[in-house]
Structure formats: C-alpha cells, structure tokens
Amino acid sequence: MTAITDPTTPRRARSRARTTGSLLSLGALLATSVTSTALLTAAPATAAETLLSQGKTATSSSSEGAAWGASAAFDGDLTGTRWASQWNDAQWIQVDLGSSKDVSRVVLNWEGAYGKAYDIQLSDNGSDWRTVKSVTAGDGGTDDLAVTGTGRYVRLQGVTRGTGYGYSLWEFQVYGGGSAQPEPGGAVRVSGTQGDWRLTVGGQPFTVKGVTWGPAMADAPRYMPDVKSMGVNTVRTWGTDAGTKPLLDAAAANGVKVINGFWLQPGGGPGSGGCVNYVTDTAYKNTMLTEFAKWVDTYKSHPATLMWNVGNESVLGLQNCYGGTELEAQRNAYTTFVNDVAKKIHSIDPDHPVTSTDAWTGAWPYYKRNAPDLDLYSMNAYGDICGVRQDWVEGGYTKPYIITETGPAGEWETPKDANGVPEEPTDVQKADGYTQAWNCVTGHQGVALGATAFHYGIEHDFGGVWFNLLPDGLKRLSYYSLKKAYTGSLAGDNTPPVISGMTVTPAGSAPAGGEFTVRADVRDPDGDPVTTKILLSGNYANGDKRLIDASYRSLGNGTFAVTAPEKLGVWKVYVQAEDGRGNVGIETKSVKVVAPPVAGTNIALNRPTSASSAQASYGDCPCPATNATDGNTSTRWASDWSDPQWIQVDLGSTKPIRTLQLVWDPAYAKSYDVQVSDDGNTWRTIHTTTTGNGDIDTVTTSTTARYVKLQLTARGTGWGYSLHEFGVYS
C-alpha cells in the first residue's frame, strides 16, 4: 500500500517472506526483563454495563410501513433495518425491558431522518412517564446519552424533527446494570511453559477471537453490539490517543477487549511512509516513548484493555528505507527500541502484556535477540498463514504469538490474470480463507493464542471490497464465515447472495466509450429477491480506488451490456447483488479498455515526428515525440510545462486524411488546433477545440496533406501536454 501518515488508519499487511538469512547484532541486549508470568493481579472486577434492550418488545406511535416497525430498532442490525415514523413531530418509540432495570445509558443510531429535539423517558407501568434526558440541538449520527434512573419501559418522545421526513432509527440501545465506566476486570497474563502457553484475563482462559477495527472510533457504540454478536471478544487498533476512549468504552459495555496499538515508522510494510533512523534519531525515539507512556498511563486501568501492541510491520518495512549492512543495523536498532518501549510500558502497567507486530517471520529472530521484554509475538499473515506455525517451529522460538491480521489471500499473493493484475478471490474463496485461517490458528495449540481477522471495515472501495467484512455496512459471506468460526453456528441467520461464473467479454480489448458484456449467475440461499448492479474501479488505470456506478443495460439472464470508461487501461468490474436484508455478494474481474478501432490505415505510424519540446527525465521519461506515433499506448510524448507547445508528423507525401485519434495521458490539452500543411511551412487549420477533456479525442475530416500538426494553446492540468498516441488515418 501507499505511505501511511495517520497512525489510526488501518492498512493491509504485506507478504510474509519465508527466508530469514543471517542477522547482525548491534551490541549487548538490555539487561532488565519483565517475564510474561510476572504480571500483578488487579483489583476485583465489578459489573460492566449490559445491553438491556436488544430483542425486547417494542412499540411506536406510527411507522411508514411493515418493513419499518418499532422492533427493527431493537434487533441488533445496525445497518440493514430501521424504524421510521410518519412525517410529523409528535412521534414516539418505546421498549419494554421486561422488568425494572437501572438504566445508565441510551445510544441512538439515527438514519438520515433524525430528531433535533426529543426526550428520553422512563416508566414503571408504561403509562406514567418521567423525563431523564432532554436533547434540544440534535444533529443526527450517533447520540450517546448518559442517563440515571430506574424503569421497565424506556421511551424516545419526539419533539422536533431535524428534516422534512419523520424520525428514523437504525438502532435504539438501552444500557444498564453497572457503571458507565466499569472497573478493571483483572490482570491479563501470558503464562505456561514452552509450547503450552495460555492467555488469561482475571485468571480465566482467554482465546483471542477478534477483528481489526475499521469504523471511526466515535462510532463504536453503533457497531460494537454487532461485533459482539459475531462472537468477537477482541478488536485491534493501530494507534492509541485521546480519540480511543469511545472505542474502549463501547467495547467494555459489550464485554469486548481491545489490543491497543502504537504506530511506529515505517509502519505498514514495504512502500509505507516514514524512514526514521533508529540508530541515530534519539529525539524521535524519546518523543514516541513519552507519547506511548502517556496513553498507557491513561488507559491501563480501562476494563477493555487487553494488551499493548508496539509497531506494525516495521522490521519488514525498513527494507523500503535502507539496504545492506545499514538495513541490518536499523532492524536491530528498531527491535531494541521496541524492547525499550516494552520495559517502559511494564513499569507503568504490569497488568497487561506487550507485543509487536510484523508481516514477516524473518522479523522474529530480531525480536528474539533484541526484545526479550516482549511477552509474546504478533504476526500479520494472509494466504500463507499456516506457514507461520512451520516457521515458528523451525526458528526455535520460546514465546507464543497471536495473529493480528489475517483473512483471504491479498493482491500481493494471488496470480495475475490475462490483463496483468492480481486475481481477486471470489466471495466463496474469501469466506473459505477466513475459515482456513482460523483453523491454522487453533491448530497450533499452546502457542497461537488467537487472532484478530482483517477487517471489520465499512469502506466501499477497491480495498474495502477485497478485505472488508461489511463494505458500505453490508454483510459478506466472509462476515458469516468468521461468525461461524467464532460461535460455531449460523442458526437463524439470513445469509448473502452468492455470485458465480462471472465473465467479461471481451476482457482484453473493450473499446473506450463502447460496450462490453458482463455475465454472472446470482442465487440467494434464502430465496430473497436480489437487486444487481455493476460498478467500476480505476485503481489500476488511474489510481482512483473509489467504486463508481457503471452505465449499463440488462440483456436478461444475468447478462449486462456495460459502457467502457473513456480512460484507457485496466479497470476492475464489480457485480454487486443485494438481498434487501443487509447482505451483499460481490464478484469482480478485470477489463482492459483500449482505444476504439478506427477504419483505415494509420499513416502516421512510425513516421518522422517532432515537437516543440520533450521531457528528458521525469517519471517514466525520456518521452520523445516519436513515442506518440509508435503504435504503443504504454509509451508517451511529454512536453515542457508551459504554453504553447506543438507536435507534428511528416507522412512522407501528400495523402488523404479522414480521421485523427488522439490518446491523451492525464496531462491533456484543453485548447488546441489541428493544422495540416503540404510543405511544412504554410499551415491551414481543420479543427479547433477549447473544451478538451482528455482521454481520447476523435477528429473526423476530409482533406489531404503531408504534414499534420497539433498546435496546443491551453493545458488541461498544471503539467505539460502528453500524448500516448497521435494517430492519422487515411
């Protein structure tokens, strides 16, 4: 992935290299060590908040229809179902908790139609109500409200709507039964003997069944009940700061633990940002040590804290910054610094273990040599996760590990398709990938202490479709695969549509602006009606990872005619099938968009070509004028970054000209003239535009000439002018 500058931003791991090689030491190890069995016992636990309202009987003043009844706000589905009232102010929704309860918190997850002003009320009998919280300036989103009171019934009484619609809630959660900020739940220990380790919390065995955390931490109250429903007991983060508290609080309220991460450069593996010098940069290390210590002291007693994780893939990532003996020195210095952090954390918080993550088992010898104060190791591994066990055995390691990222094979691990891009696994293959990963983890008994699978994320883009369990809040087959691994059952669950047999025709030569065909078989295991749509991503064509709606028409029988983008290159095509129950199936293939064929012969091909200027060395340059007439759309001519510029071709003799095809690089011409000449001195203009938008321009004409020139007068970007192809057809 690209460089990471935000330490709270998750990124996928890189491939785990299987070779370790010889390692160089940088001096003596630090002497002081806190062993994994030396953690102290914390104070006795007290009860955490309990979610009281889910699945309980609910009623409301009105609803828009049967699909939006009151019960939908208490079913635990945070993105697929909702209550919606009629369109006036005096509306209410209430829940019967079954018996009188101490209520400490109400969380409202609003849909777009929110309440601007409303009251939270309690009642013992469902008739006599007392207001415990009034909101007068609501702005939608998630309202997390601390309340104090006792009652059997809890009601939201609407006063003023925030929109012209009614009130609409994805979920209405009522918590109670404990304090809003529970006390610690007991020390977390890594204990046992070689090959027979265990993780315990408050003396009780604890296997990490986790996910990596994707939504905004402020949205944790909205999503954490769903995380809990999957059988998840742990979430992992990459950064810890003041914004972490809502996540920790929501996790504790739902009985979920958190692996609190700390980010160090160059995190995220090869290609990621930041190249600090761990040998010489004492200021950076001191700053990080002070920062980490601050947040350890802040959250060490929080009941959700499970352990501390220092760094992410930095031993592997240092190869992006250094080489040779300097790389070895940096890796030794980095892992020595990780040990310094571990010792500091243990001095502040003896009740929680410290680990460090990499994506390469070749990092473990460095930790073994330089970081004895780590309580356990951590590894990010995807398609080759079962190899982690083998490498642990062969390396003779004496500490257990957890897997901190895992899931289906990533794009760095899969074979390339005919268009040269990684083949993305199908939904079925991804789901199987999570099952296999969990089997590999649990198969290494006494050593692998659990895993946090990648990724409980909601982004609906290139990476989100590849890895997220619920892109755009919609649940995948992978979501249910992981839930089954953690809980052992999917009884009563409605599962996603399954897509198979997806094809793209032609896959390697779709004409820009023309049509290509997509076909896929879609079935829903539950018989739900399915809505299918087609999406595109230009990640491999122009670096845009977003998914955009394609222009397409249905041909019946699961077949669609799709309009190709104007931008040349390899695009990803997605078939997305939704069941209306909060579930989605997504399959994807690649399509190569090429310049549309032009009738006639390209009489400019390999003819002498000259230009006002050409870039000699920038990016992929040199980019001479002849690149625009070589018939290869992967090469380009590029001018200086100024106006005006020109490029011209000598056809050798006067010839009839019928069509020009200009295949622009992103650095295109907004304004230009097409000029022709018989002698190269006297020119006549046959076409003028001031509204060029790049990609491909097709100019039709009926003339004769020996020379053809583009007189370029206004650039469309801040760069120069750049043409992949300057085709002239007779």
Any side-chain heavy atom of [X] within less than 4.5 Å of one from [Y]?
{"X": "I586", "Y": "P471", "answer": "yes"}
{"X": "I657", "Y": "I686", "answer": "no"}
{"X": "V708", "Y": "F726", "answer": "yes"}
{"X": "K592", "Y": "S509", "answer": "no"}
{"X": "F462", "Y": "Y574", "answer": "yes"}
{"X": "P565", "Y": "W571", "answer": "yes"}
{"X": "H460", "Y": "Q576", "answer": "yes"}
{"X": "I696", "Y": "L568", "answer": "yes"}

Value rounded to 0.5 Å, distance of [atom1] in [X] from [atom2] in [Y]:
{"X": "N468", "Y": "I458", "atom1": "CG", "atom2": "CD1", "answer": "8.5 Å"}
{"X": "D695", "Y": "L662", "atom1": "CG", "atom2": "CG", "answer": "12.0 Å"}
{"X": "D665", "Y": "D620", "atom1": "CG", "atom2": "CG", "answer": "7.5 Å"}
{"X": "R519", "Y": "T503", "atom1": "CZ", "atom2": "OG1", "answer": "7.0 Å"}
{"X": "L264", "Y": "T357", "atom1": "CG", "atom2": "OG1", "answer": "11.5 Å"}
{"X": "I534", "Y": "L547", "atom1": "CD1", "atom2": "CG", "answer": "11.5 Å"}

Do [X] side-chain atoms and [Y] backbone N/O form a donor-acceptor pair below 3.5 Å?
{"X": "D358", "Y": "L316", "answer": "yes"}
{"X": "D679", "Y": "N681", "answer": "yes"}
{"X": "S554", "Y": "F560", "answer": "no"}
{"X": "R715", "Y": "G718", "answer": "yes"}
{"X": "D427", "Y": "L477", "answer": "no"}
{"X": "S722", "Y": "W637", "answer": "yes"}
{"X": "D650", "Y": "G652", "answer": "yes"}
{"X": "S168", "Y": "A113", "answer": "no"}
{"X": "N419", "Y": "V421", "answer": "no"}
{"X": "S639", "Y": "Y721", "answer": "yes"}

Do [X] and [Y] pair up side chain to side chain, a donor and an acceptor below 3.5 Å, judged on atom types alone?
{"X": "N583", "Y": "D524", "value": "no"}
{"X": "T505", "Y": "T517", "value": "no"}
{"X": "D697", "Y": "Y668", "value": "no"}
{"X": "H724", "Y": "T633", "value": "no"}
{"X": "T685", "Y": "D673", "value": "no"}

Could you pull out the closest heavy-atom pair between [X] and [Y], with the gap in Å?
{"X": "P496", "Y": "V584", "answer": "CB-O, 3.4 Å"}
{"X": "V591", "Y": "A510", "answer": "CG2-CB, 3.6 Å"}
{"X": "W466", "Y": "P425", "answer": "CZ2-CD, 3.6 Å"}
{"X": "C275", "Y": "Y322", "answer": "O-OH, 3.5 Å"}
{"X": "F467", "Y": "Y434", "answer": "O-OH, 3.2 Å"}
{"X": "S478", "Y": "A431", "answer": "OG-N, 3.6 Å"}

Pairs touching residues 606-619 that satisfy side chain to side chain donor-acceptor pair (under 3.5 Å), sequence neighbours left out: T609-T629, S612-Q645, S613-Q645

Between D549 and K533, is the closest basic N to carboxylate O distance under 4.0 Å? no

For [X], I'd like to know if atom [atom1] has over 12 heavy atoms of other residues, nucleotides or ligands within 6.0 Å.
{"X": "K567", "atom1": "NZ", "value": "yes"}
{"X": "Y165", "atom1": "OH", "value": "no"}
{"X": "W719", "atom1": "CH2", "value": "no"}
{"X": "R546", "atom1": "CZ", "value": "no"}

For residues 518-627, pull every pair meeting disulfide bond (SG atoms under 2.5 Å apart), keeping only residues two or more places apart or in separate chains. C621-C623

Do L710 and L723 pass the side chain to side chain contact (heavy atoms under 4.5 Å, CB included) test, and can you show the C-alpha distance, the side-chain angles, and the key distance before you say yes or no? CA-CA 11 Å; L710 298 182; L723 270 175; 3.5 Å; yes

For residues 670-708, pull every pair meeting ring-ring contact (aromatic ring centres under 6.0 Å, His included), keeping only residues two or more places apart or in separate chains. W664-Y672

The test is side chain to side chain contact (heavy atoms under 4.5 Å, CB included); show your working for V728 and K655 and say whether it passes. CA-CA 10 Å; V728 181; K655 296 178 180 179; over 6 Å; no

Check step by step if side chain to side chain contact (heavy atoms under 4.5 Å, CB included) holds for N539 and K572. CA-CA 8 Å; N539 180 56; K572 292 293 288 291; 5.8 Å; no

Verify side chain to side chain contact (heavy atoms under 4.5 Å, CB included) between R581 and K475, making sure each step is shown before the conclusion. CA-CA 9 Å; R581 303 289 297 273; K475 298 172 182 176; over 6 Å; no

If the test is salt bridge (charged side-chain N to carboxylate O under 4.0 Å, His left out), which one of K430, K589, K416 qualifies with E424? K430

